[in-house]
Amino acid sequence: MKIATFNINGIKARLPRLKEWLAETRPTVACLQEIKSQDDGFPADEFAELGYEAIWHGQKSFNGVAILVDGSKPVEIKRGLGIDGPKDGEGEQSRYIEADVDGVRVVCIYLPNGNPHPGPKFDYKLAWMEKLRARMAEIWAEEIPCAVVGDFNVIPHDDDVWSPKAMASDALMQPESRDAYSRLLADGWTDAVRTLNPRGGVWTYWDYQAGAWQRDHGFRIDHILLTPELADRLEAVGVDRDHRGREKASDHAPVWARIRD
DNA sequence: ATGGCAGGAAGGTCCTGA
């Protein structure tokens, strides 16, 4: 089983590139973030043509997550963590969807960015991370093989970013953000990409601005966290970097982990 | 040097992202 996560930055704008990636790399499970589409506008037919069935949790303009599965329909378990957005009365943002796929629990998340720091958006990020931790603990307690994947918007270590100095004031690498991420790992979850790249230096995001891609000014914020059973079966991980360099690319590259059957 | 660029929805510009 190959589990992938890809922040696509708009499903309408990215559709040709996204279909190309699915056809070329054929992940078993593809978790998408920032679909930026309402539920009605989700192009499920386009994926069905490629053999993928999907569930999705959309929202107008921003956020939005989806899970695509090759050859079967993901069985939805939960959507949303039950936490309102940072503005009064806006309700919950579409950042969480959870499903069962062939005996594996798959959680697809788009964790709040948290900029600017400090401020209400950063507070929201930390509150969201605690909600996530509580949900992950519930799944852990049920002893279900599980992968929590997505855009965590956390740079875990200084060697996960091209320049810690340049990013020092960013919400992605504040000590509070890193501590909250570390607590997930301390609970027992395995960071798949880190485990197979212990010296860091792996990027999953390059800004559109200031020639970041051309200069390789990237960092790692898209993660795959595994329960022990899946971590024991972890075979390989990768970042599909070449898809970041194509025309009309997302600012994130797809990240994947291969799990032995 | 607080820039730069992209997507979405609106609408001839603003908000958001990281």
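Just so it is clear, the values below take in all heavy atoms, side chains as well, and ignore hydrogens, waters and symmetry mates.
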Applying salt bridge (Lys or Arg N to Asp or Glu O under 4.0 Å) to K125(A) and E176(A), what does each step give before you reach the verdict?
CA-CA 10 Å; K125(A) 174 180 195 156; E176(A) 297 95 321; over 6 Å; no

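- We find that CH2 of W213(A) is positioned 17 Å from C1' of dA18(B), with the value rounded to whole Å.
- Side-chain proximity of L172(A) to dA18(B), dC5(B), dG8(B): nearest is dA18(B).
- The interatomic distance linking F42(A) (CZ) with dG8(B) (P) rounds to 14 Å, in whole Å.
- When rounded to the nearest whole Å, the span between CZ of F62(A) and C1' of dC14(B) equals 9 Å.
- Comparing the same atom, P, in dT2(B) and in dT13(B) gives a spacing of 24 Å after rounding to whole Å.
- For F122(A) and dA18(B), the CZ to P distance is 15 Å, given to the nearest whole Å.
- The gap from the C1' atom of dA1(B) to that of dT16(B) amounts to 24 Å, rounded to the nearest Å.
- Close to dA18(B), at under 4.0 Å from its OP1 or OP2, lies a side-chain N or O of N7(A).
- Distance from the side chain of K248(A) is smallest for dG7(B) among the nucleotides dA10(B), dA18(B), dG7(B).
- H252(A) has its NE2 atom 14 Å from the C1' atom of dC5(B), to the nearest Å.
- Between the side chains of S72(A) and E53(A), no donor-acceptor pair is found at a separation under 3.5 Å.
- Nearer to the 5' terminus of DNA chain B, by closest-nucleotide assignment, is the contact made by A249(A) (compared with the other of Y110(A) and A249(A)).
- Cluster membership check: V202(A) shares its hydrophobic cluster with V149(A), using side-chain heavy-atom separations under 4.5 Å among Ile, Leu, Val, Met, Phe, Trp and Tyr.
- For the OP1/OP2 pair of dA18(B) and a distance below 4.0 Å, the side-chain nitrogens and oxygens of K125(A) include no atom meeting the criterion.
- At most 12 heavy atoms of other shown residues, nucleotides or ligands fall within 6.0 angstrom of atom CD in E143(A).
- Side-chain nitrogen and oxygen atoms of K12(A) include none within less than 4.0 Å of the OP1 or OP2 phosphate oxygen of dA6(B).
- Rounded to a whole angstrom, the distance from the P atom of dA10(B) to that of dA6(B) is 23 Å.
- Closest contact between the side chain of R95(A) and the listed nucleotides dA18(B), dG17(B), dG8(B) involves dG17(B).
- The residue D151(A) sits close only to the backbone: its heavy atoms come under 4.0 Å of sugar-phosphate atoms, none of a base.
- At the heavy-atom level, N153(A) lies under 4.0 Å from the strands shown only through sugar-phosphate atoms.
- Comparing dG7(B), dG17(B), dG8(B) by their closest approach to the side chain of R14(A) singles out dG7(B).
- Rounded to a whole Å, the CD atom of Q59(A) is 11 Å from the P atom of dA9(B).
- The side chain of N113(A) lies closest to dA18(B) when the candidates are dA18(B), dA9(B), dT16(B).
- Residue L50(A) shares its hydrophobic cluster (ILVMFWY side chains chained together at separations under 4.5 Å) with F6(A), I8(A), I11(A), L15(A), L18(A), W21(A), L22(A), L32(A), I35(A), F42(A), F47(A), Y52(A), W56(A), L68(A).
- Just one of W203(A), W162(A), Y208(A), W206(A) meets the ring pair (Phe, Tyr, Trp, His ring centres under 6.0 Å) condition when paired with W213(A); it is W206(A).
- Rounded to whole Å, atom C1' of dG7(B) lies 15 Å from atom CD of Q38(A).
- Nucleotides dA18(B) and dG4(B) are separated by 13 Å at their C1' atoms, to the nearest Å.
- Checking the phosphate oxygens (OP1, OP2) of dG17(B), a side-chain nitrogen or oxygen of K121(A) falls inside 4.0 Å.
- The separation between M167(A) atom CE and dG4(B) atom P is 18 Å, rounded to whole Å.
- Of the candidates dC5(B), dG7(B), dA10(B), dC5(B) carries the atom nearest the Q209(A) side chain, counting heavy atoms from C-beta on.
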